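As structure tokens, the structure follows; a few thoughts come after it.
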Amino acid sequence: MDVNEMILTIEDLRKDYGSKSVLNGISFQVKRGEIIGYIGANGAGKSTTVKILLGIEGDYTGKITFFGRDISDGDVDYKRKIGYVPEVAEVYDNLTGQEYLTFIGELYGLTYERADYKAKSLMELFGVGEVYHSRIASYSKGMRQKLLIISSLLHNPELLFFDEPINGLDANSVLIFKEILASLAGHGKTVFYSSHIMDVVEKISSRIILLKDGKIAADGTFEELKHHNQEGTLEQIFNQLTGFSNHKELSERFVSIVEEV
Ligand code: ATP
């Protein structure tokens with residue numbers, strides 16, 4: 001595994017929605033095997049970045065190179081090497097887990113038998129084997145989330161985008177998922193992890209990129225960020241870099257309005 005191989009390069013990425021600039025010149029490079037914690041306040045532009053990278057959102061300026069190829073050339077083959085868990089996903093509720101996962105697997109070029117074997121085995125290992133043949137409509141939130149995680153991995157992607165992937169997972173499942181992430185990275189997969197759960201981002205990321213107002217406000221390992229900002233936890237670093245220090249006054253004011261008659 002060549003750990004110096006550039007998987008993704010972004011140069012001066014800019015995106016406007018109408019008159020609003022959402023991304024104001026983002027540049028960074030991601031190497032094979034990195035787990036990037038991509039963080040920022042609500043509305044900072046994280047999902048917009050990921051949607052552009054996945055080709056869901058167009059109309060941007062700047063250069064994006066995946067696996068050494070500029071994605072603006074119209075060749076979408078690079079998407080075969082990508083897995084994605086969106087924050088909010090539409091799944092076909094009327095299908096069973098088996099029907100959904102084999103359908104996704106076949107979309108990515110697996111045979112039905114291979115997709116079925118992989119999907120069933122991964123569902124079992126993730127503790128949801130018993131609902132493999134049940135309709136997704138009957139799944140709990142955590143079961144749906146596990147289905148989404150598995151569907152993003154069936155085709156053995158090189159690069160993974162996870163947007164709040166542990167939403168709804170119980171504590172044991174989070175533990176398994178964190179180990180899976182570390183193992184994927186150890187096997188040379190690259191992970192782009194977007195979340196607001198700072199203690200998890202702090203623990204799993206080999207590098208953290210913090211977005212503020214559509215610009216990169218910090219980029220480095222947790223240790224580097226800690227050293228630079230003289231703060232103890234990623235939550236504190238986040239509060240400092242996003243210029244947030246008045247949570248006590250805000251919450252008191254909030255409750256006082258709740259109590260107004
Ligand atoms: P969150 O943490 O809340 O998920 P985010 O960092 O992912 O936030 P984005 O969803 O990328 O933020 O949104 C960045 C900005 O772009 C926000 O101000 C949002 O209102 C705006 N925006 C996003 N999508 C659209 C759209 N389709 N049309 C107009 N504005 C949009």
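Note that the structure is a prediction, hence the values are computed from the model and not measured. All residue numbers refer to positions in the sequence shown, counting from 1. Numbering of ligands and ligand atoms starts at 1, following listing order.
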Identify, by atom number and element, the atoms of ligand 1 in contact range of Ala41, meaning under 4.0 Å from any of its heavy atoms. 6 (O)
Ligand-residue contact atoms, ligand 1 with Asn42, heavy atoms, under 4.0 Å: 1 (P), 2 (O), 3 (O), 8 (O)
Enclosure of His227 NE2 (heavy-atom neighbours >12, cutoff 6.0 Å): no
Has Gly18 got any heavy atom lying under 4.0 angstrom from an atom of ligand 1? no
Where is the nearest protein heavy atom to atom 26 (C) of ligand 1: which residue, which atom, and how far? Tyr17 CE2, 3.5 Å
What do you reckon, does Gly45 have a nitrogen or oxygen under 3.5 Å from a nitrogen or oxygen of ligand 1? yes
Here the atoms of ligand 1 under 4.0 Å from any heavy atom belonging to Thr48 are 9 (P), 11 (O), 13 (O), 14 (C)
If we only consider heavy atoms of Lys20, is any one of them less than 4.0 Å away from an atom in ligand 1? yes
Considering the heavy atoms of Lys46, write down every atom of ligand 1 situated less than 4.0 Å from one of them. 1 (P), 2 (O), 5 (P), 6 (O), 7 (O), 8 (O), 11 (O), 12 (O)
Between Tyr17 and Asp59, do the side chains contain a donor N or O and an acceptor N or O under 3.5 Å apart? no
Could you verify whether a donor N or O on one side chain and an acceptor N or O on the other, from Lys189 and Asn156, lie under 3.5 Å apart? yes
Verify the distance criterion only: is there a donor paired with an acceptor across the side chains of Glu34 and Thr190 at less than 3.5 Å? no
Do Lys51 and Glu57 sit within salt-bridge range, that is, some charged N less than 4.0 Å from a carboxylate O? no
Side-chain heavy atoms of Arg207 within contact of Ile35, under 4.5 Å: no
Does any N/O atom on Val22 come nearer than 3.5 Å to any N/O atom on ligand 1? no
If you count heavy atoms of other groups shown closer than 6.0 angstrom to CD of Glu235, is the number above 12? no
If you have a sec, work out which protein heavy atom is nearest atom 10 (O) of ligand 1 and how many Å separate them, to one decimal? Ser47 CB, 3.7 Å
Under 4.0 Å from atom 19 (C) of ligand 1, can you find at least one protein heavy atom? no
Could you tell me the residue and atom name of the protein heavy atom closest to atom 4 (O) of ligand 1, and the distance to it rounded to 0.1 Å? Glu87 OE1, 3.8 Å
Output field: ring centroids Phe103/Tyr108 closer than 6.0 Å: no
Ring centroid separation Tyr78 to Phe67 under 6.0 Å: no
Starting from atom 14 (C) of ligand 1, which protein heavy atom do you reach first, and at what distance in Å? Gly43 O, 3.2 Å
